[in-house]
Amino acid sequence: QVQLVESGGGLVQAGGSLRLSCVASGRTFSNHGMGWFRQAPGKESEFVASVSWNGGGTTYTDSVKGRFTISRDNAKNTVYLQMDNLKPEDTAVYYCASSQSMYWGPAAKYDYWGQGTQVTVSS
């Protein structure tokens with residue numbers, strides 16, 4: 001079974017930065033697209049960003065373009081989300097997820113999810 005473990009969340013003031021990490025195990029990491037999602041209190045889960053199996057393709061939701069960067073290091077079985085210029089609206093629990101295949105993006109099928117890491121951005 002695939003395991004995904006996120007880290008790097010915390011408290012930050014608006015305009016600050018955080019870097020989230022997600023370490024994967026249990027299957028061939030490099031064969032799968034990866035994504036980041038977030039869920040704010042009282043809201044549905046929202047797609048944030050994703051990266052293709054080899055890191056060559058990325059996609060972002062419009063609200064984070066220019067501020068967030070997703071990347072991966074297949075040698076370390078790790079996907080990252082660098083978050084700059086954070087805003088209070090970014091406050092949420094952030095989850096990493098593994099797609100079923102090499103595909104990525106919000107329409108991909110994600111079958112494994114991490115436990116989540118809390119990101120809180122103060123005004």
Side-chain angles (χ1 to χ4, degrees):
Q1 187 173 6
V2 174
Q3 290 182 286
L4 305 173
V5 180
E6 302 101 329
S7 63
L11 300 172
V12 64
Q13 288 188 303
S17 297
L18 288 172
R19 188 191 193 197
L20 306 184
S21 299
C22 175
V23 179
S25 63
R27 67 182 177 186
T28 305
F29 177 76
S30 61
N31 287 347
H32 298 265
M34 297 290 293
W36 286 96
F37 295 76
R38 65 188 181 187
Q39 187 168 21
K43 295 187 176 181
E44 295 291 322
S45 179
E46 176 189 20
F47 169 81
V48 177
S50 66
V51 60
S52 64
W53 68 274
N54 63 353
T58 60
T59 187
Y60 302 88
T61 190
D62 286 344
S63 64
V64 308
K65 288 180 179 177
R67 300 189 298 119
F68 291 11
T69 303
I70 188 171
S71 62
R72 67 191 298 161
D73 185 341
N74 287 347
K76 297 180 179 180
N77 288 352
T78 302
V79 61
Y80 304 95
L81 186 68
Q82 177 67 43
M83 305 185 295
D84 297 322
N85 192 23
L86 283 160
K87 302 176 180 180
E89 65 194 60
D90 296 318
T91 296
V93 177
Y94 283 70
Y95 301 88
C96 68
S98 177
S99 75
Q100 294 179 329
S101 67
M102 67 178 182
Y103 299 119
W104 73 101
K109 302 294 184 181
Y110 296 88
D111 56 352
Y112 290 96
W113 298 77
Q115 84 287 350
T117 185
Q118 177 71 47
V119 172
T120 302
V121 184
S122 62
S123 301

Stepwise side-chain contact (heavy atoms from CB on, under 4.5 Å) test for Ser63 and Lys87
CA-CA 10 Å; Ser63 64; Lys87 302 176 180 180; over 6 Å; no
Nearest heavy-atom neighbours spanning Tyr95 and Gly114:
CD2-O, 3.4 Å
For Ala108 against Ser99, the heavy-atom pair lying closest together:
CB-CB, 4.4 Å
Does Gln3 CD have over 12 foreign heavy atoms under 6.0 Å away?
no
Would you please test Asp62 and Lys65 for salt bridge (Lys or Arg N to Asp or Glu O under 4.0 Å) and show each step?
CA-CA 5 Å; Asp62 286 344; Lys65 288 180 179 177; 3.0 Å; yes
Tell me whether the rings of Tyr94 and Phe68 are parallel (<30°), tilted (30 to 60°) or perpendicular (>60°).
tilted
Could you pull out the closest heavy-atom pair between Val51 and Arg72, with the gap in Å?
O-NH1, 3.7 Å
Where is the tightest heavy-atom contact between Thr59 and Pro106, given as atom of each residue plus distance?
CG2-CD, 4.1 Å
Contact summary for Phe47 and Gly105, nearest pair of heavy atoms
CE1-C, 3.8 Å
Flag, side chain of Glu6 to backbone of Gly116, donor-acceptor distance under 3.5 Å:
yes
Close side-chain approach of Val2 and His32, heavy atoms under 4.5 Å:
no
Side-chain contact test, heavy atoms from C-beta onward, threshold under 4.5 Å: evaluate it for Glu46 versus Thr61 and give yes or no.
yes
Whether Ser50 side chain and Gly35 backbone form a donor-acceptor pair below 3.5 Å:
no
From the list Val93, Val119, Val64, Thr117, side chain to side chain contact (heavy atoms under 4.5 Å, CB included) with Arg38 holds only for Val64
On a heavy-atom basis, the closest approach of Leu81 and Ala49 is CD1-CB, 4.2 Å
Any donor-acceptor N/O pair, Asn74 side chain to Trp53 backbone, under 3.5 Å
yes
May I ask you to decide if Val121's main-chain N or O and Thr91's side chain share a donor-acceptor pair within less than 3.5 Å?
yes
